Structure formats: structure tokens, C-alpha cells
Amino acid sequence: MARPTPLSGFPEWLPDGRVVEQHVLEVLRHTFELHGFAGIETRAVEPLDQLLRKGETSKEVYVLRRLQDEDGDQARGDQRPDKQLGLHFDLTVPFARYVLENAGRLAFPFKRYQIQKVWRGERPQDGRFREFVQADIDVVGAGELPYHYEVELPLVMAEALGALRDVGVPEVRILVNNRKVAEGFYRGLGLDDVEGVLRQVDKLDKIGPDAVAELLQAEQGATPEQAKACLELAGISGADTGVIDRVRALAGSYGAGTDLLETGLAELGALVEAAARRAPGVVVADLKIARGLDYYTGSVYETVLVGHEQLGSICSGGRYDTLASDGKNTYPGVGLSIGVSRLVSRLLSAGLVTATRGVPTAVLVAVADEEHRAQSDAVAAALRSRGIPVDVAPAAAKFGKQIKFADRRGIPFVWFPGQAGEDDVVGPDQVKDIRSGEQKDADASVWTPPEQDLRPRVVPAGE
RNA sequence: GUGGCUAUAGCUCAGUCGGUAGAGCGCCUGGUUGUGGUCCAGGAGGUCGCCGGUUCAAGCCCGGUUAGCCACCCCA
């Protein structure tokens, strides 16, 4: 068989990259649990009609089909959306389904974290995958959900990402907006296609203000005056409550003030104020943040890595009021999702973060000759019994080759079992630190490597 | 789904006017007779993505195809 080529969009890390990814996952999980989020996992598949809910028909869902299915079966079963299965596209929609399914057994407000792979049938690119890991936190309430959770959730994410700073992850900036502000402002202007306007405004960074103004007039039927107002709103950003005053003044100058706008401004102001106190410099109000997903109804969030803005958002989310609803009860929620694969791929490709080694092994026990392999195995067992990860040399090659074996894997220590001299007296075991070359007598029942060498560590690259 | 670019050794890439394939790094062996890394010498490794066409002759030109990358769309 010819050597297989990698499948684009389905990332696979080498062992040292996996060490980095697992560290990221551990830090996220630890932070989520510190804040009281319970971990859950949902199945990988959902009925297709669940995945293609209103406004999400453009999503490119991978559909499941059994090879054994015959044409007749497909005609009967696979074509019915309520029977067909698709791989989940994100973790929010499956979570909403899970909440409805288990509503009677959950305690509300329910806080959960969920770290799983998701699949999207889109064209892959740098930082864009068809199979990737998301790490979500959400809070849902029964019937209602206090606004303060919209303040707290992004701050949990800020803390989680901040906890990765010491391994080389860049600073993050969480950009926030509020759907009520945008909707209130646009409706106050007389623009009723709020979705359409948001979609055009979202392109601002890529195509520039002039092109957006043209699109607003051509596609959304805005007047030049209305388009100008939309662009002025999108131009407002800042990390303090001054932005609220500026939006209010802008709306006033266009006679676009509405109750909805005022509600949104109060919420956005509260978020900015709390964030400035609890995570100074991280959260920035940015009135051009739109978000494509239509189920958001309040706060919306996007997160960029400072210096890597072109990568796009690595952590997004928002408030949704009707995602989980069975007709009788609704469970409003707010949540954010970290794109773990997008983050990790950049950490590795940009050489920001590195693992000290790709194998767990701290010590390689050399084998003098195959007759003495049992002696080496005994040393390994003694070290392992005290929690030290050990490997035994695969062959009784020349010691130079055995040292090289360790060196290529980043194993810091090579252990030489004592050998009998000419007088048949067995000498002491020795352990060599192959980085410094230092070698000294050692006893496998008591010797311990330095703490920082015991396991692979994740560190800023270049250290 | 649309558009552009690319495809040669394990990796990064060169390859002139069309004349049967190159470098660096990595790997293996030896120098060093059982303690690596440096250095020196030697060696292995290629269906030039695939199919077809033009030509005496194609890695190179033409057509197709597949895959990858980038941009758009959308998004983590």
C-alpha cells in the first residue's frame, strides 16, 4: 500500500504536540471545575432535523449512513430527517437537546462543561478544521436566567485562558456586544432586517467601511444616512462605560433611541463595568461584533489571541433565550466555546508553546547484554514502583547507541546497571544525565529524578 | 459551494533552452574494539501526485484528474 497522505481538516498531532494539547485540556477542565461546572459528554450524533434547526440550514453536517443499507432502506429511512443521523456540528445544540431530555433530573440553574470533538463539512484552512475539539461552558436556567451570568461566563473563560499564559499562550482579548443594542439601534433607525444588517456589518474588518456601506444600501435597502449610522455604531469600542454614553449619544443624534436599545446598553454597561474590575484589560466592548448564529438574543462574545487576530475567534458564544424549548418550558442559557484545535494548532505552528519531550519516560535503563536484561528489568520495576516512568533499552546495542536512543526521545536520564569487573565484583549502578553528561552512582530503590524531569512539561518555546 | 496557486528523497526546497535526478537537514555505517552530541569519510533512500497527449526525447510543454495550500462564504 502506498504511503497515505494526511486528510486535510482532520488534524493529528505528533506525541509532543499531544502533550501540549492535553495540558491545555487539563487547565481548561480544572478552571471550569473551580467555578462549579459539572462535566458531561453527549453522544456524537443527533437526529438530522435537530441539527438543521431554524436558520442553521447552511450548516454542513456530516450525515451517517451504514454501508450495508440497501437502496430500499435509504428510500424508507435515510431520507426522513427525523430518522437520519448526523455528527454534531457544535456542542450547544446537543446540550439544548440534553437539557430538554433530562430537565426533570437536572437542578437549575444548571452549569456544565463539555469537551468533545465536533465535525463540520467545510473547506479546511489554516486554523479551520472539519474535525476539531471544542471546550464549552454553559449555564441554563428554567424559565429565566439572571443577567449576571452573562457577565460571569466570559470572565471564567478569561481566567481559563489566562491560566495558560505561563506556558506561552498569548494574551487574549474578549470582544463583547449585545444583540439588544444592535437590534434596538437598527430598528430605531428604521432598518428592520436586523439579521441582514448584522451580516453586512460583520464584514467590516475584511472589506472596509465603504464596501459595507454599499452593501447595506444595495442588499438591505438602507439610505446613505442609515448606512452611515450603522458604520458609526460599528466604529465604537472601548473597555469602559464611556462606550455606553457614546452609543446613546449616537442614537440620540439620529433619533434612534428605543427601549430595547436602553435595555441592551444597561446590560452591556454592567458587563463592561464588572469586567474592568475583575479582569482588567481583557474584555472590550466592540459594537461591530455581530456573530452569525441567529439564536443569540443578548450578549455575544468573540475572543482573539493578541498578535494573532487573523486566526479569527478562538472562543465565542452568547446568550440564547429559546434554544432549549419544548413548547411549554423554555430554558434560556448563556455559554461560550473554546476552539481547542484552532488554539493548539496555532500554538504549535507558530512555535509559541513546546513540550519538554514527547514520551513520558524519565529514565532509560541500558542493557549490557541480553543475558543481563533481567537485571535491567529489575531496575525498571524498582523505579516504576515509586512512580518514575521508565523504559528499558530495546536492544543490547553499544552504549553509545542506547544513549542516542534516549537522546532522540528527550529522555533525560540513562541508567547503567552495575557490571562485574575482572575480579567478579559487581560494581554499583550508575545514572547519567545526558544533557550535562554528569554520571554518578545510584540506587534504584531510593534515587529520584528532579521534580521538573519526572514528567514531560509544557513550556514557552525558546526556553 | 466559488476563485487563485502548488505538487520532485523522511523534511525544506533547487532543477537552466525539453536531453534518463540534485542540495541542505535527517537517517545508516565506520573513524571511536561497549558512553551519544562536534568533526571527518562513506552509504542507503525518488513510479518527479495520477492518467493521457505532443515530441527522436517530458520533472519541464498541453489536456484531464486527484490531493494540498490560500482567499471568499461561514465559523472555533
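These numbers come from a predicted model, not from an experiment. In the text below, chain A, chain B and the rest are named by the order of the sequence lines, each starting its count at 1.
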Inter-nucleotide [atom1] distance ([N], [M]), Å rounded:
{"N": "B:A21", "M": "B:G59", "atom1": "P", "value": "8 Å"}
{"N": "B:G36", "M": "B:U29", "atom1": "P", "value": "14 Å"}
{"N": "B:A14", "M": "B:G24", "atom1": "C1'", "value": "10 Å"}
{"N": "B:U12", "M": "B:G26", "atom1": "C1'", "value": "11 Å"}
{"N": "B:U16", "M": "B:C61", "atom1": "C1'", "value": "16 Å"}
{"N": "B:A23", "M": "B:C48", "atom1": "C1'", "value": "16 Å"}
{"N": "B:G22", "M": "B:G4", "atom1": "P", "value": "36 Å"}
{"N": "B:C56", "M": "B:C13", "atom1": "C1'", "value": "32 Å"}

Nearest whole Å is fine: how far is [N] [atom2] from [X] [atom1]?
{"X": "A:Glu122", "N": "B:A76", "atom1": "CD", "atom2": "P", "result": "9 Å"}
{"X": "A:Ile174", "N": "B:A76", "atom1": "CD1", "atom2": "P", "result": "15 Å"}
{"X": "A:Trp119", "N": "B:C74", "atom1": "CH2", "atom2": "P", "result": "25 Å"}
{"X": "A:Ile289", "N": "B:C74", "atom1": "CD1", "atom2": "C1'", "result": "15 Å"}
{"X": "A:His88", "N": "B:A76", "atom1": "NE2", "atom2": "C1'", "result": "13 Å"}
{"X": "A:Leu311", "N": "B:C75", "atom1": "CG", "atom2": "C1'", "result": "12 Å"}
{"X": "A:Lys398", "N": "B:U33", "atom1": "NZ", "atom2": "C1'", "result": "8 Å"}
{"X": "A:Ile314", "N": "B:C75", "atom1": "CD1", "atom2": "P", "result": "18 Å"}

[Y] ring centre to [X] NZ or CZ under 6.0 Å, with the angle to the axis within 45°?
{"X": "A:Arg435", "Y": "A:Phe413", "result": "yes"}
{"X": "A:Arg112", "Y": "A:Phe95", "result": "yes"}
{"X": "A:Arg179", "Y": "A:Tyr296", "result": "no"}

Classify the nucleic acid contact of [X] as base, sugar-phosphate or nothing, counting any heavy atom under 4.0 Å across all strands shown.
{"X": "A:Asp369", "value": "base"}
{"X": "A:Ile434", "value": "base"}
{"X": "A:Gly127", "value": "base"}
{"X": "A:Arg199", "value": "sugar-phosphate"}
{"X": "A:Phe405", "value": "nothing"}
{"X": "A:Lys401", "value": "sugar-phosphate"}
{"X": "A:Val367", "value": "base"}

Is the shortest distance from a Lys or Arg side-chain nitrogen in [X] or [Y] to a carboxylate oxygen in the other one below 4.0 Å?
{"X": "A:Glu370", "Y": "A:Arg373", "value": "yes"}
{"X": "A:Asp90", "Y": "A:Arg120", "value": "no"}
{"X": "A:Glu21", "Y": "A:Arg18", "value": "yes"}

Side-chain N,O (A:Gln125) to OP1/OP2 (B:A71) below 4.0 Å: yes
Short side-chain N/O contact from A:Ser8 to OP1 or OP2 of B:C69, under 4.0 Å: yes
Residue pair A:Glu302, A:Ser313: steps toward the side chain to side chain donor-acceptor pair (under 3.5 Å) verdict: CA-CA 6 Å; A:Glu302 283 192 8; A:Ser313 176; 4.9 Å; no
Pairwise 5' ranking along RNA chain B for A:Gly9 and A:Arg435, keeping only the more 5' one: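 Looking at the nearest nucleotide for each, A:Arg435 comes out on the 5' side.
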Residue mapping more 5' on RNA chain B - nearest nucleotide basis, A:Arg130 or A:Gly312: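 Closer to the 5' end of RNA chain B: A:Arg130.
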Closest to the [X] side chain, choosing from [options]:
{"X": "A:Gln134", "options": "B:A76, B:G36, B:U35", "answer": "B:A76"}
{"X": "A:Leu7", "options": "B:U35, B:G68, B:C75", "answer": "B:G68"}
{"X": "A:Pro124", "options": "B:C28, B:C70, B:C69", "answer": "B:C69"}
{"X": "A:Asp407", "options": "B:C72, B:A76, B:G36", "answer": "B:G36"}
{"X": "A:Phe416", "options": "B:U35, B:C75, B:G1", "answer": "B:U35"}
{"X": "A:Ser313", "options": "B:A76, B:G36, B:C70", "answer": "B:A76"}

Donor-acceptor pair under 3.5 Å, A:Arg342 side chain vs B:C75 base: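 Answer is yes: a donor-acceptor pair is held.
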Polar side-chain contact A:Gln402-B:U35 base: donor and acceptor under 3.5 Å: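 Not at all, since no donor on one side and acceptor on the other fall under 3.5 Å apart.
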Is there a Watson-Crick or G-U wobble partner for [N] with both distances under 3.5 Å, and which nucleotide is it?
{"N": "B:C27", "result": "B:G43"}
{"N": "B:U33", "result": "none"}
{"N": "B:A58", "result": "none"}
{"N": "B:G22", "result": "B:C13"}
{"N": "B:C5", "result": "B:G68"}

Distance-only side-chain donor-acceptor flag, A:His35 / A:Glu152, under 3.5 Å: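 No, A:Glu152 and A:His35 have no side-chain donor paired with an acceptor closer than 3.5 Å.
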Closest non-hydrogen atom pair between A:Asn178 and A:Glu267, with its separation: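 Minimum heavy-atom separation between A:Asn178 and A:Glu267: ND2-OE1, 3.0 Å.
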Aromatic stack A:Phe129/B:A76: centroid gap under 5.5 Å, interplanar angle under 30°: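 No, aromatic ring not over the base.
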